[in-house]
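Protein chains get the first letters and strands the later ones, always in sequence-line order, with residue 1 at the start of each.
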Amino acid sequence: MIELGLAPLSRALANGEFSSVELTQAYLHQIAQENSDLNAYVTVCEELALSQARAADEARSQGNAGPLTGIPIAHKDLFCTQGIRTACGSKMLDNFIAPYNATVVENFIKAGSVTLGKTNMDEFAMGSSNETSFYGPVKNPWDRSLVPGGSSGGSAAAVAARLCAGATATDTGGSIRQPASFTGITGLKPTYGRVSRWGMVAFASSLDQAGTMTQSAEDAAMMLNVMAGLDLKDSTSSDTAAEDYTKDLDKPLAGLKIGIPTQHFSEGLNADVEKCIREAIAEFEKLGATVREVSLDNSHLSVSAYYVIAPAEASANLSRYDGVRYGYRCKDPVNLEDMYKRTRSEGFGTEVKRRIMVGTYALSAGYYDAYYIKAQKIRRLIKNDFQKAFEEVDVIMGPTSPHTAFAIGSKNDDPVTMYLEDIYTIAVNLAGLPGMSIPAGLVNGLPVGLQIVGKDFAEAQLLNVAHKFQQATDWHEKSPVN
Amino acid sequence: MEWETVIGLEVHVQLATASKLFSGTSTEFGAQPNTQANIYDLAMPGTLPVLNAEALRMAVKFGLAIDAEIGKTSVFDRKNYFYPDLPKGYQTSQLDFPTVGKGQLVIDMEDGSQRTIGVTRAHMEEDAGKSLHEDFHGKTGIDLNRAGTPLLEIVSEPDLRNAREAVAYLKKLHSIILYLGISDGDMSQGSMRCDANVSVRPKGTTELGNRTEIKNINSFRFVEKAINIEVQRQIDIIEDGGKIVQETRLYDADKNETRSMRSKEVANDYRYFPEPDLLPIVIDDAYIESVRTTLPELPDIKKQRFQDEYALSEYDAMILSSDLSTADYFEEVAKACGDAKLSANWVMGDLQASLNKDEISISESPISSDALAGLIKRIKDNTISSKIAKTVFEAMLAGEGDADSIIESKGLKQVTDAGAIEKMVDEVIANNPAQVQQFKEGKEQVIGFFVGQIMKASQGKANPAQVNQLLKEKLSS
Amino acid sequence: MSIELGDVENIAHLARLDLTEKEKEEAASSMSNILNLIDQMQSVNTDDVAPLAHAFDTAQRLREDKVTETDQRDELQKIAPEAEDGLFLVPKVIE
């Protein structure tokens, strides 16, 4: 049963084909088999999951079941889970038992979902390969010598390896879409502000957004129905009304206008990946869509601007890890400064420290205008580019990543090489737009992701576009588990 | 050489909201350590701020009261530095776009003169927690109850020229804040705190000298002392050929000296940037006007009205209007007794003296405004003399009842019966022939002796005017 | 733009990080590479462009001034590195 996606599982539970307890046990069994090697989960909540599953079955027998009731899911380990360690891939929070639930987590509890555990991730979501985790790298279920992408590598691997029906994740510069692409699953990053950030350990506040990792667009729509909505605890949460994201799934695509950014099909893109993407876009034409080129003139500056804005915000967001109130504290500090410096140096990993340093530098006296303000101006140019493009087209499509998953350890020499991994995804975060990655082919047996970017709050349309493609093709059904 | 002092004040005022600036935790003073520090106040990962509407309203109200520009779009920034009482590692404050922009404050000097002092800006920010340095095995204890309490930081232009002006500025600010009801202004509890930027320059020059920032000044009296001592220190250094180091100095009230805060000497680089967890605060004219309608009559307006309506002197009007409770009390007394001048004298005189002695505020006065009016009425209708009134006042203070019952029970009613007074006058004249003789020889001041004797005989109750007149008649005859 | 060791030390202090000599050298080199990436921004003239701090042009919501929180001290201090008598303890702060 675990090979099914979230939507079919929901139907099977509703039809009484099996119970949530049986389903949960099947996942726990699979996790026990696979996780020690894949390292997708950092915490497995067996007891909690089974008790939630029993409660879900009970609720169903009382006639109180919703679409997500009894569905076993996993949370990226940066969503605070009350009473459960929330470590964010960091030694700094290795002992941090969150005293409260993130709004996202709370929403899934209310929906009756089952929490299987917390998934591995790059430390504080800083990484594109899941190699910066304090808990070690996650392996790609398609080829265990490869990375699953990052930072939501654990969630991606867990879904791809069928260790959960769906998983929450977050995306600051591509952290949902790129690992979804590398692991052959469907990743959705909603519009900034669509899903509450309350209880999500912050990386870069103006860019972070929670989303979903699932087998299909239909699964994603069902999860988003639980996650989306206004949260008064998050000042940046949008009051644009959330919708039923499943309602438009089957709308025909005739007349859909697709934009192809020239800049996303240029130097650096793997030829085989490009071929897959072009074939996928041709498939949309068969479904009645029209395709035209659009230009995102400043997209080549997105990585540069991002690596000012994200580290700047992160440098302040991570100042709270000081060893005073929670989390790691160094042994026997001799004075206050020693406590701060050793706590932070011992508690943070290399990449996190590097980004704190870059952010601190960009904000420091004398550099603020040249870096931070400049980056915010570039951010506006990038946003304007998208706005202009969306005057002509409904969605923008292209590759999620220039290539397929790479080998563990192959890109760690120069951080810039790793940063350029997110070259096609980062601009979407800077502009706050919704984006998806869906499976669109295989190259040498490895999945290729198609990125679909929509207008502000056009998640329903994105999911419709993705769903129709998935009805016409079977790339999303390809699985490393056989 | 003659020196000119240049002073600018940064005053932090705790806003009297029920909950914190960005969280729903109580701001009440005096709770057990860390019982008023929720997950946001402790900077738990994943927690986020939401702005308190009342703090914004209070900031705007203050801005309107000092005739300031109100920022239609104001922005919170993060001010980054590490300190154990600063849980997030940054203070959420406002830098480039404060809620309150340029305004002004008219200060009243003791000689009755006024000066207009520029206010550069006033911005909202979070207070920090407290570090407790008493011994916990040689460690410092951190209490975060105060962390996140809303502050309004009011920054003056360097327009103040001496310590007395600084005190007058602070007093006027204090007065306005209490009028507006946006803070309890209690300096002893830290609800109002003052840092002073002080520099000196040769008189007649315009360039500013190197300044020092004096921290930790927590009373009006200390502001004056701290500034004076710092000015003297700076002049001494310059006159000895030295240079003033731009630095932060701490005022030590016990030793009456300022000293360098070495720990803050390292140049701070606060790395301000817009707080991404908060959006710009946008307010429109309708909002501003709705706040304006809640403005009370402010001290300067009230002072003018007291002069016009009650014919008070400018000085009396200034003193009475400077404190809202005193002004209200005065008006209640004046209205109830119908004599503004007497009311002003009593409120500023005997009442204020007794309150000062007992160190209580007028709102806690043991004599209500009605009761004081009752006393003044008896002076006006000649039931008692002003002198006896003081005796009655003392008894009222001691809780012996209202004026009428004290006058009655102690038999203090003034004797105005001409026959009774004449009888006493005759007796005193008859009993003191020597003094009568002196009077007749032209030593007229001896009349004081007779008045004294009669007042003694009447236990102070004889009407002094009547006594005087009769004495003169009888002795001259 | 290249970063010198002195810059690294200064930034590390601001960020309260303690780096070994080897880490400092690594930081100087990797930060220089990152700044080269970042400096690509300077190729575009942005004189007439307003900075964008948030992707959306919306205004801050306000919260009613109400006390909604209760005392959770004991629960919250369970995860504190060091607490006593309700206080968080840190090495002595010298003023």
Side-chain angles (χ1 to χ4, degrees), chain A residues 95-97 99 192-193 206 232 235-236 238 298 300-301 303-305 307-308 315 322-327 329 333-342 344-345 348 353-354 356-358 360-362 364 370-371 373-381 383 414-416 419 430-433 456, chain C residues 1 3 7-8 10-20 23 26-31 33-63 72 75-83 88-94:
Chain A
N95 63 0
F96 179 66
I97 309 297
Y192 182 80
S206 79
L232 295 176
S235 295
T236 63
S238 174
N298 296 287
H300 64 293
L301 298 176
V303 179
S304 305
Y307 276 97
V308 172
S315 71
D322 57 6
V324 177
R325 299 161 311 283
Y326 52 80
R329 180 192 284 194
V334 296
N335 57 36
L336 190 65
E337 179 151 322
D338 183 47
M339 180 190 75
Y340 281 143
K341 289 190 171 175
R342 276 204 294 127
R344 292 168 58 78
S345 300
F348 291 136
K353 281 188 266 196
R354 182 180 293 134
I356 290 174
M357 297 274 290
V358 170
T360 302
Y361 184 73
S364 64
Y371 290 122
I373 295 296
K374 183 79 183 184
Q376 287 204 332
K377 289 178 167 191
I378 300 286
R379 185 173 188 180
R380 185 175 296 279
L381 293 179
K383 169 115 186 142
D414 175 14
V416 171
Y419 295 173
L430 290 170
L433 300 169
D456 298 347
Chain C
M1 182 92 201
I3 295 273
D7 299 326
V8 170
N10 188 23
I11 300 161
H13 175 70
L14 279 176
R16 295 299 183 275
L17 293 169
D18 203 5
L19 305 182
T20 63
E23 284 171 326
E26 192 282 330
S29 130
S30 70
M31 283 179 72
N33 288 348
I34 294 165
L35 289 176
N36 283 336
L37 170 76
I38 290 171
D39 277 335
Q40 290 175 13
M41 292 192 303
Q42 311 304 340
S43 64
V44 178
N45 184 306
T46 52
D47 289 351
D48 300 325
V49 182
L52 181 69
H54 276 101
F56 296 107
D57 196 19
T58 47
Q60 177 62 33
R61 267 190 300 270
L62 302 176
R63 176 179 63 80
Q72 304 282 322
E75 198 57 37
L76 294 174
Q77 288 194 341
K78 274 184 195 161
I79 53 172
E82 196 177 1
F88 297 100
L89 295 192
V90 298
K92 189 135 194 104
V93 175
I94 302 145

With a 4.5 Å cut-off on heavy-atom pairs, point out which of C:Val8, C:Val90, C:Leu17 contacts chain A the most.
C:Leu17

So for C:Gln77, is it side chain, backbone, both, or neither that comes closer than 4.5 Å to the heavy atoms of chain A?
neither

Sub-4.5 Å side-chain heavy-atom contact between C:Met31 and C:Asp7:
no

Below 4.5 Å from any heavy atom of chain C, which atoms of A:Ser315 appear? Answer side chain, backbone, both or neither.
neither

Heavy-atom distance under 4.5 Å between the side chains of A:Glu337 and A:Val334, does that happen here?
no

State, yes or no, whether a side-chain contact exists between A:Leu232 and C:Arg63 at a heavy-atom distance under 4.5 Å.
no

Report which part of C:Asp47 has an atom under 4.5 Å of a heavy atom belonging to chain A: side chain, backbone, both, or neither.
backbone

Test side-chain contact (heavy atoms from CB on, under 4.5 Å) on C:Glu23 and A:Ser345; report intermediate values, then the result.
CA-CA 11 Å; C:Glu23 284 171 326; A:Ser345 300; over 6 Å; no

Between A:Lys374 and chain C, which part of the residue has a heavy atom less than 4.5 Å away: side chain, backbone, both or neither?
both

Side chain, backbone, both or neither: which part of A:Ala305 has a heavy atom under 4.5 Å from chain C?
both

Between C:Ala53, C:Ser43, C:Ala83, C:Ser29, who has the most heavy-atom pairs with chain A when the cutoff is under 4.5 Å?
C:Ala53

Are C:Ile34 and A:Pro415 close enough that some pair of their side-chain heavy atoms sits under 4.5 Å apart?
yes

Only pairs of heavy atoms separated by less than 4.5 Å count here; which of A:Thr360, A:Ile373, A:Ile356 has the most with chain C?
A:Thr360

Where does A:Ala375 contact chain C at under 4.5 Å (heavy atoms): side chain, backbone, both or neither?
both

Could you check if a side-chain atom of C:Lys78 sits within less than 4.5 angstrom of a side-chain atom of A:Ile97, using non-hydrogen atoms only?
no

Part of C:Thr58 within contact of chain A (heavy atom distance under 4.5 Å)
neither

Taking the side chain as every heavy atom from C-beta outward, state whether A:Lys377 and C:Met41 have any atom pair closer than 4.5 Å.
no

In terms of relative ring orientation, are A:Tyr307 and A:Tyr419 parallel, tilted or perpendicular, with 30° and 60° separating the classes?
parallel

Parallel, tilted or perpendicular: ring planes of C:Phe56 versus A:Tyr192, cut at 30 and 60 degrees:
parallel

Part of C:Gln72 lying under 4.5 Å from any heavy atom of chain A
neither

So, the part of C:Glu75 with a heavy atom under 4.5 Å from chain A: the answer is neither

Given that the side chain runs from C-beta out, which part of C:Leu89 has a heavy atom under 4.5 Å from chain A: side chain, backbone, both or neither?
backbone

Contact part of A:Val358 toward chain C, heavy-atom cut-off under 4.5 Å: side chain, backbone, both or neither?
both

Chain A interface, residue from C:Pro51, C:Ala27, C:Ala55 that has the most non-hydrogen pairs under 4.5 Å:
C:Pro51

What part of A:Met339 is in contact with chain C, defined as an atom under 4.5 angstrom from a non-hydrogen atom: side chain, backbone, both or neither?
side chain

Just verifying a value: how many Å separate A:Ser304 OG and A:Ile378 CD1, rounded to the nearest 0.5 Å?
8.0 Å

